[in-house]
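Just follow the structure's listing: the first ligand is 1, and inside any ligand the first atom is 1.
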Amino acid sequence: MSGKITLSVIKADVGGYVGHSSIHSALMDKARERLSKALEKGLLVDFHVTRCGDDLELIMTHKKGADSNEIHELAWNTFLACTEVAKELKLYGAGQDILKDAFTGTVKGLGPGVAEMEFEERKSEPVIVFMADKTSPGAWNLPLFKIFADPFNTAGLVIDPAMHMGFEFEVLDIHAHKTITLSCPEEMYDLLMFIGAVGRFVIKAVRRKDGLAAASASTEKLSEVAGRYVGKDDPVLIIRCQSGLPAVGEVLEPFTFPHLVEGWMRGSHHGPLMPVPFYEANPSRFDGPPRVIAAGFQVTNGKLIGPRDMFDDPSFDGAREKANDIADYMRRHGPFEPHRLGLDAMEYTTMPGLMKKHEGRFKAE
Ligand code: F6R
Ligand code: MG
Ligand code: MG
């Protein structure tokens with residue numbers, strides 16, 4: 001196949017089963033039915049429907065480029081159709097991420113999360129799609145830094161001449177709605193100062209210095225869209241691997257460390273990000289702990305050969321065990337920080353109302 005292919009991963013929570021823990025198969029069936037029709041019409045080259053926790057994930061390949069009106073409309077209408085099924089079954093939070101009434105040419109800003117990447121298929125094109133539940137886009141900052149800038153994680157940064165020049169990180173300031181591109185290794189310390197603040201600065205994309213697209217992440221913050229707390233954003237991430245990019249094993253390696261992320265119960269707690277096989281992506285304990293799955297594909301003439309369930313591997317058992325230990329430890333703090341998020345992150349939930357309720361009762365010291 002000649003010409004560029006686009007990989008679009010568009011996701012939304014349109015109803016949970018049971019509560020916010022997982023998804024009913026009827027929603028996946030409806031999504032497959034919708035995308036099959038688009039495939040028959042030639043709009044899609046291929047697709048794969050999956051889920052992580054209560055999030056429905058549409059993984060699609062096509063020739064329409066990123067931000068395509070047609071592809072976004074297809075995803076939007078698919079989510080609406082699935083919402084109808086969720087309503088019939090009275091699934092929990094039916095239509096949760098459908099925050100706006102009308103489609104406006106893009107799903108961005110309407111509730112769903114989006115990661116897209118347009119590229120010229122290489123001789124062989126191994127790609128990993130990461131999908132998380134009960135957390136927010138800042139969860140990818142630490143693993144993305146390790147994968148593309150830490151030589152203790154990625155041996156290729158030292159050994160492979162094609163990677164030796166390093167990578168560029170496009171970072172989004174979520175509040176200012178502005179991006180900055182920082183180059184590693186030269187600007188590593190500046191980069192870390194920004195992306196260490198995971199609630200404010202999130203990595204949107206990573207490129208090799210010759211311009212090759214390497215990673216693309218969803219950065220939608222639901223609370224920013226809705227102006228109130230409406231569940232966590234549950235982000236997705238696409239990473240291309242091998243041949244002058246980090247190897248599959250280098251891309252997976254950071255997830256052996258279950259780092260603390262924002263999310264978990266009521267989107268208001270810090271907890272460990274637990275890497276799990278597909279069938280274990282059902283956050284239950286205290287609505288968590290947050291989960292991440294990794295779907296590996298070979299993209300071949302636009303077809304999605306796969307997925308391989310990349311965390312279905314005993315070498316991640318240690319990370320799962322550690323995540324459970326951390327979960328125990330963090331839970332013991334109950335409603336105290338740092339288990340509960342800091343006040344700035346609670347601005348869309350209880351705090352403003354509480355301050356108003358007790359207005360006038362604060363006396364000068
Ligand atoms: C977190 C999440 C859940 C809910 C919690 C309360 O992203 O979705 O932890 O916040 O189950 O849900 P409601 O308010 O719908 O009862
Ligand atoms: Mg939900
Ligand atoms: Mg979710």
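Backbone and side-chain nitrogen or oxygen atoms of Tyr92 are examined, and one is located within less than 3.5 angstrom of a nitrogen or oxygen of ligand 1.
Residue-level check: among N/O/S atoms of Asp234, OD2 sits closest to the Mg ion (ligand 3). Nearest to the Mg ion (ligand 3), among the N, O or S atoms that Asp55 has, is OD2. The atom name of the N/O/S atom in His20 closest to the Mg ion (ligand 2) is ND1.
Assignment of Gly93 to the shell around ligand 1 is not supported, since no heavy atom sits closer than 4.0 Å.
Residue Phe316 places its CZ atom among more than 12 non-hydrogen atoms of other residues, nucleotides or ligands, all under 6.0 Å distant. Counted within 6.0 Å of NE2 on His333, heavy atoms from surrounding residues, nucleotides or ligands total more than 12; the atom is thus considered enclosed. More than 12 heavy-atom neighbours from other residues, nucleotides or ligands sit within 6.0 angstrom of NZ on Lys209. No more than 12 heavy atoms of other residues, nucleotides or ligands lie within 6.0 Å of CD in Glu321, so this atom counts as exposed by the packing criterion.
Put simply, the side chain of Ile23 does not reach to within 4.5 Å of the side chain of Asp55, judged on heavy atoms. For the pair Phe167 and Pro246, the minimum side-chain heavy-atom distance is below 4.5 Å.
Considering His20, Arg266, His269 only, the shortest heavy-atom separation from atom 10 (O) of ligand 1 involves Arg266. Heavy-atom proximity to atom 3 (C) of ligand 1, evaluated over Asp287, Asp233, Asp133, is greatest for Asp287.
Near Gly267, meaning under 4.0 Å from one of its heavy atoms, ligand 1 places the atoms 1 (C). Residue contact check: Met265 has heavy atoms under 4.0 Å from atoms 9 (O) of ligand 1. Close approach of ligand 1 to Trp264 (heavy-atom distance below 4.0 Å) involves ligand atoms 1 (C), 9 (O).
Computed with the Mg ion (ligand 3) at the centre, the Asp133 OD1 to Asp54 OD1 angle is 100°, stated to 10 degrees.
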* To do: Could you give me the CA-CA distance, side-chain angles and deciding distance for Phe311 and Leu252, then say whether side-chain contact (heavy atoms from CB on, under 4.5 Å) is met?
  => CA-CA 8 Å; Phe311 289 142; Leu252 297 175; 3.9 Å; yes
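Checked by atom type, the side-chain pair Asp13/Gln96 shows a donor-acceptor distance below 3.5 Å.
Here Asp13 meets the criterion, with an N, O or S atom under 2.8 Å of the Mg ion (ligand 2).
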